[in-house]
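So that the names make sense, note that chain A is the first sequence line, chain B the second, and so on, each numbered from 1. Below, all heavy atoms of this structure are taken into account, side chains as well, without hydrogens, waters or symmetry copies.
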Protein chains: 2
Amino acid sequence: MNIASHLTANADVMNGPTWHLPDTSGSAALERTLKTHRRGHRAGSMIELEGGKSNVTYCVLSGWLSLSKSMPDGQRQIIDFALPGDILNPTSADNASSTLQIEAVTYTTVSAIPRNIWGSLTDGLPQLSLLENRIIAGTFSRFSERMLRLGKGSAEARIAYALIELYIRLSAIGQVHGDSFHLPLTQQTLGEFVGLSSVHVCRMVRRLSRLGVISMEGHMAITILDMGTLANIAGIDPGRLENSIIPRL
Amino acid sequence: MNIASHLTANADVMNGPTWHLPDTSGSAALERTLKTHRRGHRAGSMIELEGGKSNVTYCVLSGWLSLSKSMPDGQRQIIDFALPGDILNPTSADNASSTLQIEAVTYTTVSAIPRNIWGSLTDGLPQLSLLENRIIAGTFSRFSERMLRLGKGSAEARIAYALIELYIRLSAIGQVHGDSFHLPLTQQTLGEFVGLSSVHVCRMVRRLSRLGVISMEGHMAITILDMGTLANIAGIDPGRLENSIIPRL
DNA sequence: TAACCAGATTGACCCGTGTCAATCGAAAGC
DNA sequence: GCTTTCGATTGACACGGGTCAATCTGGTTA
């Protein structure tokens, strides 16, 4: 079965970043800088607090990060996941304080690069600022699709879409094998991502399993059995299923 | 939101809109380009269809635009409003097709500038790319806050937040007088923005009115009577309220 | 091995929001 | 002036998803 034909629905979501630059010449400085500022974070550890001001650019080397916001009563909404290859904060205005809480979902290695060093890197590496732009465009596209589901999608559609979105992003960085991928999230966390209670996440996941659309081994290994149906449930317009390739830089 | 700090779009249609960049030297070319590509759109007219590929950058000179996405069944979610001074599509990847439907909410004047011309403008005007970055950062921040309300906010909180967000944005471009502003939206449209049915929008607006938090004259002139309570309902952290609302730049 | 614990699962019940439909009000057109 | 029309308003009712609470499961620690 040709999964790729179904992925075309949301090509923009697939602007998944990788660290493969189109032209590697001159990227030695980048490699060196990434290595110098590299550090690891245990799963669950807080990397940046909401409200704190940050003047570094994060490059995710491995693992998952969650970017979240909370209501005053403590209810948390995950705004986005950052996956390997992602760049965070590339364009925040100089005076802007980060209002996002950044947390390691899994063990994560990131390079936290001071803004000015990052700036000089991008100045010297046009491919890098191109990559930045692609990541920004991909982020906006992802946010838009997600807002659509948050505003107008049923619980089932939200779950289905989240699975597809993550499938596509992971696929772009080579972390999908066959039609299976590792989803390092509790149902609680997945719920915070799609705006549902963990209980209802459970109900929806079980329903999708019963329908034979997905299957789960353990509680973190997902296999997509019927991408066509899943996409349909997710509210992905079949008319937009066109041939396009995952943009790999 | 933070757009106005470095740019003011004066929506005087007769004299032509003027954009004030922090350093006006060299902006003559910008002025000329804006004027050359200027065009008007009647309220309700479609500017760009979802799925169409666009290779222009839009500068909003006057009026409101809505950027929206739809589910296959036609349910529409407004992703964002674009107000005077906004720049659309500044960084979309070259191959990226616009997946947003862009529509004029009111009579609108925009400059639709071909991507390559826009590129040469920003190359020559560092202030302009700085402005771009600020707009991107502001959009990102706005989307995050909105996703939080869509995922975790009650209907009342969503309405309250939407009013405050628009109040702040309009305030930044000088379109708030006292505590009143013109809201050129039907309840249906407001509902498509906050993810509620028009009927429930009505209920919430009426409730806020009864509470004495806002008042409406006609159905488009909003006055915020009690910003503290409104912000509280919106789930805005009181400590952060001063940062985002008070500052008139 | 047994106790333990976090997360998944399931059922019962409640409530917020959507839907439907009727009515009202005001602006626009004839 | 009268009619038309679109949007606001309100009530009645249905239902999706939240909440609470009771297991169940698998992995971890003593």
Side-chain angles (χ1 to χ4, degrees), chain A residues 42-44 66 71 73-77 105-106 148-163 182-211 214-222 233 235, chain B residues 42-44 66 71 73-78 105-107 149-163 182-211 214-222 233-235:
Chain A
R42 258 194 300 276
S66 69
M71 295 292 276
D73 65 4
Q75 293 235 79
R76 194 167 73 132
Q77 172 71 32
V105 174
T106 66
L148 171 57
R149 267 80 194 178
L150 283 172
K152 301 293 173 190
S154 66
E156 204 177 19
R158 294 188 203 181
I159 295 291
Y161 188 80
L163 292 178
H182 180 68
L183 189 72
L185 307 175
T186 64
Q187 294 184 345
Q188 169 69 33
T189 305
L190 184 53
E192 290 171 344
F193 182 51
V194 298
L196 294 173
S197 70
S198 62
V199 174
H200 211 59
V201 168
C202 180
R203 291 186 191 120
M204 294 301 105
V205 168
R206 310 256 54 241
R207 185 192 291 179
L208 292 175
S209 295
R210 271 200 309 281
L211 286 174
I214 65 173
S215 77
M216 303 169 54
E217 300 127 37
H219 61 101
M220 288 180 169
I222 305 281
I233 293 173
Chain B
R42 258 193 301 275
S66 70
M71 296 291 275
D73 66 3
Q75 292 236 81
R76 195 168 73 134
Q77 174 70 35
I78 292 178
V105 175
T106 66
Y107 176 81
R149 268 79 194 180
L150 282 172
K152 301 293 175 190
S154 67
E156 204 177 18
R158 295 188 201 180
I159 294 291
Y161 188 80
L163 292 178
H182 180 68
L183 187 73
L185 307 175
T186 65
Q187 294 185 343
Q188 168 69 31
T189 305
L190 184 54
E192 289 170 344
F193 183 49
V194 298
L196 294 172
S197 69
S198 62
V199 173
H200 211 59
V201 168
C202 180
R203 291 187 192 118
M204 294 302 105
V205 168
R206 309 256 56 240
R207 184 191 293 179
L208 292 176
S209 295
R210 269 200 309 280
L211 285 174
I214 65 172
S215 76
M216 304 170 52
E217 301 125 37
H219 62 103
M220 289 180 166
I222 305 282
I233 293 173

Excluding sequence neighbours, so at least two apart, what forms salt bridge (Lys or Arg N to Asp or Glu O under 4.0 Å) with A/Arg207?
A/Glu156
Is there a donor-acceptor pair under 3.5 Å between the side chain of A/Arg158 and the backbone N or O of A/Leu196?
no
Within this structure, what is the CD1-to-P distance between A/Ile159 and C/dT9, rounded to whole angstrom?
12 Å
Please round to the nearest 0.5 Å and tell me the distance separating atom CG of B/Leu190 and atom CE of B/Met204.
12.0 Å
Dump the pairs, protein N or O against N or O of nucleotides 14-22 of chain C, anything under 3.5 Å, distances to one decimal.
residue: C/dT17; atom: OP1; partner: B/Ala155; partner atom: N; Å: 3.0
residue: C/dG18; atom: OP1; partner: B/Ser197; partner atom: N; Å: 3.2
residue: C/dG18; atom: OP2; partner: B/Ser197; partner atom: N; Å: 3.4
residue: C/dG18; atom: OP2; partner: B/Ser197; partner atom: OG; Å: 3.1
residue: C/dG18; atom: O6; partner: B/Arg203; partner atom: NH2; Å: 3.4
residue: C/dT19; atom: O4; partner: B/Arg203; partner atom: NH2; Å: 2.7

Compare every heavy atom of B/Ala162 with every heavy atom of B/Phe193, then report the nearest pair and how far apart it is.
CE2-CB, 3.9 Å
Between B/Leu185 (CG) and D/dA8 (C1'), how many Å, whole number?
15 Å
Name all residues meeting the salt bridge (Lys or Arg N to Asp or Glu O under 4.0 Å) criterion together with B/Arg149; count only those two or more places apart in sequence or in a different chain, and write none if there are none.
B/Glu145
Contact pattern, 5' to 3', of nucleotides 24-29 of chain C - B, S or - by protein heavy atom under 4.0 Å
------
Rounded distance in Å - CE (B/Met216) to C1' (D/dA8):
9 Å
Taking atom OG of B/Ser197 and atom CD of B/Gln187, what is their separation to the nearest 0.5 Å?
10.0 Å
All heavy atoms of A/Gly195 vs all of B/Lys152, minimum pair found to be CA-NZ, 4.3 Å
With sequence neighbours excluded, what pairs up with B/Arg203 under the salt bridge (Lys or Arg N to Asp or Glu O under 4.0 Å) test?
none
A/Arg149 atom CZ is separated from D/dG16 atom P, nearest whole Å, by 20 Å
Quick check on D/dA8: is either OP1 or OP2 less than 4.0 Å from any side-chain nitrogen or oxygen of B/Arg206?
no
Terminal axes of the helix from C/dT1-D/dA30 to C/dC30-D/dG1 (5 end pairs apiece), angle rounded to 10 degrees, sit apart by 40°
What integer distance in Å separates A/Met220:CE from C/dA6:C1'?
11 Å
So do the side chains of B/Leu150 and B/Gln77 get within less than 4.5 Å of each other, counting heavy atoms only?
yes
In this structure, CD1 of B/Ile214 is separated from CG of B/Leu183 (nearest 0.5 Å) by 9.5 Å
Nearest 0.5 Å, please: how far is CD1 in A/Ile159 from OG in A/Ser154?
10.0 Å
B/Gln187 CD to D/dA8 C1', straight-line distance once rounded to whole Å
6 Å
